[in-house]
Amino acid sequence: MKDGFIKTAAVTPELRVADCAFNADRIIEQVKGCADSGVKLAVFPELSITGYSCGDLFFTDSLLESALENLVRTANATAQTDVLFFVGAPVRSQGRLYNAAFAVCAGEILGAVPKSFIPNYNEFYEKRYFCSGEDVCATLKINGKALPLSRRLLFCHDKIKEFTVGAEICEDLWAARSPSAEHSAAGANIVVNLSASDETVGKAEYRRNLVCVQSAKLLCGYVYANAGKDESTSDTVFAGHDLIAECGTLLAQSELFENGRIISELDVNSVAFEKSKVGQYLDNLPAGYVRIPFGGQIAETSLTRKYSPAPFIPEGDELKTRAELILKIQAAGLEKRLTHSRASKVVLGLSGGLDSTLALLVSARALTNLKRPLTDIIAVTMPCFGTTDRTYNNAVKLAVNLGVQLKKINIRKTVLSHFKDIGHREDDRNTAYENAQARERTQVLMDIANDLNGIVVGTGDLSELALGWATYNGDHMSMYGVNASVPKTLVRYLVKYVADNSDDKVRKVLNDVLDTPVSPELLPAKDGKISQKTEEIVGPYELHDFFLYYFVRKGFSAEKILRLALYAFGDKYDADTVKRWLDNFVNRFFAQQFKRNCLPDGPKVGSVALSPRGDWRMPSDASASCFKLK
């Protein structure tokens with residue numbers, strides 16, 4: 001439960017139709033097993049005490065009395081656990097029969113949530129038995145205790161305020177006005193669904209999509225427990241398709257026709273952060289909700305859900321589709337800027353590194369889409385003190401093979417003249433020594449663009465902007481930054497994608513660019529090789545992109561980011577290394593905000609961007625003190 005992680009289970013136990021004692025025994029076993037596994041929230045199927053397919057037996061006093069008797073027995077038998085669990089049972093109130101979800105924790109039955117939408121079509125005929133509980137607000141007396149019966153109940157942990165749960169039942173999810181929408185608006189960060197959805201061809205995929213979309217729309221964790229294969233097969237078959245999703249992401253699902261439980265961790269802190277960003281949940285809060293407290297031990301939650309070490313990179317076949325879309329977004333942004341500004345040329349600095357290579361590839365796409373010749377691109381290579389033959393030759397080869405114009409301008413003499421003007425010694429390799437080169441390159445590009453009625457396309461990426469790894473008014477500046485929201489790890493994959501889909505000559509150059517260490521090449525080479533390797537100075541970009549994603553996109557604390565980084569990267573980095581670079585990330589991110597507050601325009605391609613006009617607004621002099629590792 002630390003860091004907001006709630007270990008959660010969706011359970012389909014073995015069942016006998018109408019045998020409440022047997023079913024209660026199986027539920028008790030599962031709850032205890034969940035407790036042993038560290039689960040704090042468990043969900044069982046609809047009418048799991050009796051079985052869903054009891055038919056007219058639901059009218060009998062014998063079944064109803066046995067259901068409540070075994071519900072109480074289930075609560076008593078699990079009194080030594082602190083699992084909040086939901087089980088389904090029929091209950092009669094004021095002459096009406098309801099299909100209800102009962103919340104139980106530490107031996108106490110907390111309340112009952114009735115099903116609102118009662119299906120009565122195709123194979124479903126529940127209205128024969130049950131009434132809608134949409135507007136009911138009644139009191140049940142079970143085992144001598146008064147309990148609320150209402151769909152407007154929220155179950156709230158007494159120590160972890162974000163651990164707040166609302167419940168709905170099966171058809172409620174399919175309905176246009178799902179109760180879960182109100183639950184989420186009222187403050188539920190988790191919605192549980194006790195279901196008995198029968199299995200037909202294609203239904204599992206539909207059900208899975210529905211659960212994921214609902215969790216995305218409502219910004220919540222959604223736990224769906226479905227009736228299993230032990231239900232009656234008179235007219236329908238049930239497969240026990242259990243699902244756990246969070247904000248649109250499927251965390252776990254069961255195999256069809258297998259009893260048992262699936263377990264994952266819902267991050268209620270992350271859910272609460274998402275809701276606070278959207279803001280719509282703060283307006284017009286639903287009325288009439290009763291908040292019912294429950295308790296439990298706060299303990300460390302072992303993680304089983306997947307956290308990719310490369311959160312910006314899609315996995316599997318999706319990578320190709322995503323790479324193509326990102327390139328289209330980048331090119332479309334540049335096309336609009338060229339058309340609007342009536343620019344006759346695209347001017348960019350081509351260093352032979354990853355970022356400028358991607359910018360050139362995007363520019364070539366944009367010109368092709370506009371049906372303009374690629375000779376309208378002016379690629380300028382500007383060698384100076386740190387330029388190596390490898391990067392220089394790759395820049396030249398790439399420009400030639402793509403068919404763009406290439407300008408070779410050696411800026412060494414100009415920079416030395418500048419050093420003389422400002423009284424800087426050539427052997428003083430300080431910040432001015434490095435930045436003078438970057439600013440001279442930008443001046444060259446700007447003046448060429450002015451001379452040719454063109455625009456300068458920036459090459460800097462999102463990771464560099466986050467770290468402030470750019471020369472202010474040097475490579476920091478352009479007229480349009482096509483890579484502005486593309487992190488370094490993604491730049492690499494985009495270039496690789498283009499390489500894999502290019503002719504042999506271009507592929508060979510791009511693959512060598514991919515193999516070249518990342519460097520600004522502002523310090524003299526050693527033995528003809530790059531001496532200034534960025535990742536040795538600021539840290540591994542894969543770590544910084546991980547930090548960036550979870551700090552900006554998820555709002556996580558440094559402690560939580562550290563925990564997830566160690567979990568995601570496994571043995572690749574030890575704790576001291578991750579701490580070192582995380583501390584460096586936080587310091588640089590806050591110290592360099594002034595550079596981001598005057599960024600040129602650039603297209604947003606993903607959920608993380610740092611444009612001061614869009615996603616990230618922060619004063620340049622904000623303190624980093626409360627964001628550092630404690």
- Under 3.5 Å, side chain of Ser485 to main-chain N/O of Val605, donor-acceptor pair present? yes
- Message: For a side chain to side chain donor-acceptor pair (under 3.5 Å) check, start with the C-alpha distance between Gln330 and Asn483, then their side-chain angles and the critical distance, and finish with the verdict.
- Response: CA-CA 8 Å; Gln330 290 178 277; Asn483 297 337; 3.0 Å; yes
- Which pairs, with at least one residue in residues 252-263 and sequence neighbours excluded, count as a salt bridge (Lys or Arg N to Asp or Glu O under 4.0 Å)? none
- Query: Which distance, rounded to the nearest 0.5 Å, do you find between the CD of Glu542 and the OG of Ser463?
  - Reply: 11.5 Å
- When you check the side-chain N and O atoms of Lys496 and Asn511, is any donor under 3.5 Å from an acceptor? no
- Item | Flag for Asn189-Glu162: side-chain donor and acceptor within less than 3.5 Å | no
- Does a salt bridge link Lys397 with Asp512, judged by any charged N lying under 4.0 Å from a carboxylate O? no
- Item | Check: Glu521/Thr391 side-chain N/O donor and acceptor closer than 3.5 Å | yes
- Item | Main-chain N/O of Thr471 paired with Asp475 side-chain donor or acceptor, under 3.5 Å | yes
- Task: Please check if the side chain of Arg365 supplies one atom and the backbone of Leu360 the other of a donor-acceptor pair under 3.5 Å.
- Result: no
- Looking at Leu490 and Phe312, what are the two nearest heavy atoms and their distance? CD1-O, 4.0 Å
- Answer yes or no for Lys560 and Phe5: cation-pi contact, defined as NZ/CZ to six-membered ring centre under 6.0 Å and angle to ring axis within 45°. yes
- Indicate whether any N or O donor in one side chain lies under 3.5 Å from an N or O acceptor in the other, for Thr12 and Asp242. yes
- Of all heavy-atom pairs linking Val11 and Pro45, the shortest is O-CD, 3.1 Å
- Message: Can a side-chain donor-acceptor contact be found between Ser184 and Lys275 if the only test is distance below 3.5 angstrom?
- Response: yes
- Message: Main chain of Asp583, side chain of Asn587: is a donor-acceptor contact present, judged purely on distance under 3.5 Å?
- Response: yes
- Message: One thing to verify: whether Glu300 and Arg563 come together as a salt bridge, which I'm taking to mean a side-chain N less than 4.0 angstrom from a carboxylate O.
- Response: yes
- Task: Please check if any side-chain donor atom of Ser195 sits under 3.5 Å from a side-chain acceptor atom of Ser197, or the reverse.
- Result: no
- Note on the structure: Interatomic distance, SG@Cys212 vs CZ@Arg207, rounded to 0.5 Å, equals 12.5 Å
- Message: Would you compute the distance between atom OG of Ser302 and atom OH of Tyr567 and round it to the nearest 0.5 angstrom?
- Response: 8.5 Å
- Message: Under a 3.5 Å threshold, yes or no: a donor from one side chain and an acceptor from the other, between Gln214 and Ser180?
- Response: yes
- Query: How far apart are the closest heavy atoms of Lys7 and Gly38, and which atoms are they?
  - Reply: CB-O, 3.5 Å
- Counting distance only, does the side-chain N/O of Asp574 pair as donor-acceptor with the main-chain N or O of Thr577 below 3.5 Å? yes
- Task: Scan side-chain atoms only and decide if Ser356 and Ser351 contain a donor-acceptor pair under the 3.5 Å cut-off.
- Result: yes
- Task: Please step through ring pair (Phe, Tyr, Trp, His ring centres under 6.0 Å) for the pair Phe294 and Phe163, ending with a clear verdict.
- Result: CA-CA 10 Å; Phe294 67 95; Phe163 187 4; 5.2 Å; yes
- With side-chain contact (heavy atoms from CB on, under 4.5 Å) as the test, would you mind laying out the steps for Thr357 and Val509 before giving the verdict? CA-CA 10 Å; Thr357 294; Val509 178; over 6 Å; no
- Cationic tip of Lys572 above Phe569 ring, under 6.0 Å, 45° of axis: no
- Query: Arg492: what forms a side chain to side chain contact (heavy atoms under 4.5 Å, CB included) with it, not counting sequence neighbours?
  - Reply: Leu354, Leu514, Val518
- Check the side chains of Tyr472 and Gln592 for a donor-acceptor pair under 3.5 angstrom, ignoring hydrogens and angles. no
- Message: Return the CD1 to OG1 distance between Ile313 and Thr489, rounded to the nearest 0.5 Å.
- Response: 4.0 Å
- Message: I need the Asp461 CG to Asp545 CG distance, nearest 0.5 Å.
- Response: 7.5 Å
- Between Phe627 and Phe590, does the ring centroid distance fall short of 6.0 Å? yes
- Task: Identify the heavy atoms of Leu465 and Leu610 that sit nearest to each other, and give their distance.
- Result: C-CD1, 4.3 Å
- Are Tyr550 and Phe556 an aromatic pair by the rule of ring centers under 6.0 Å? yes
- Query: Do we see a donor-acceptor contact under 3.5 Å between the side chains of Asn226 and Glu199?
  - Reply: no
- Query: Regarding Lys488 and the six-membered ring of Tyr541, is the cationic atom NZ or CZ under 6.0 Å from the ring centre and inside 45° of its axis?
  - Reply: yes
- Are any side-chain N or O atoms of Ser270 and backbone N or O atoms of Asp267, one a donor and one an acceptor, separated by less than 3.5 Å? no
- Message: Restricting to side chain to side chain donor-acceptor pair (under 3.5 Å), what partner residues turn up for Arg507, sequence neighbours left out?
- Response: Asp504
- Test side-chain contact (heavy atoms from CB on, under 4.5 Å), reference Ser37, set Ile263, Val83, Thr304, output is Ile263
- Is a side-chain donor or acceptor of Ser254 paired with a backbone partner of Gly240 at a separation under 3.5 angstrom? yes
- Message: Would the distance check show the side chain of His183 and the main-chain N or O of Ala167 forming a donor-acceptor pair, the cut-off being under 3.5 Å?
- Response: yes
- Message: When you measure from the side chain of Asn584 to the backbone of Val538, do you find a donor-acceptor pair of N or O atoms at a distance under 3.5 Å?
- Response: yes
- Item | Lys/Arg-Asp/Glu bridge criterion (N-O < 4.0 Å) met for Glu265, Arg305 | no
- Query: What's the shortest heavy-atom distance between Val191 and Cys220, and which atoms?
  - Reply: CG2-SG, 4.2 Å
- Message: Whether the Tyr222 and Glu246 side chains hold a donor-acceptor pair (N or O, under 3.5 Å, no angle test) is what I'd like checked.
- Response: no
- Item | Parallel, tilted or perpendicular: ring planes of Trp616 versus Phe551, cut at 30 and 60 degrees | tilted
- Item | Expected output: side-chain Gln532 to main-chain Leu522 donor-acceptor under 3.5 Å | yes
- Message: Any carboxylate oxygen within less than 4.0 angstrom of a Lys/Arg side-chain nitrogen, looking at Glu315 and Lys306?
- Response: yes
- Query: NZ/Lys579 to CD/Glu559 distance, rounded to the nearest 0.5 angstrom?
  - Reply: 10.0 Å
- Give the minimum heavy-atom separation between Phe546 and Ile561, together with the two atoms involved. CE2-O, 3.9 Å
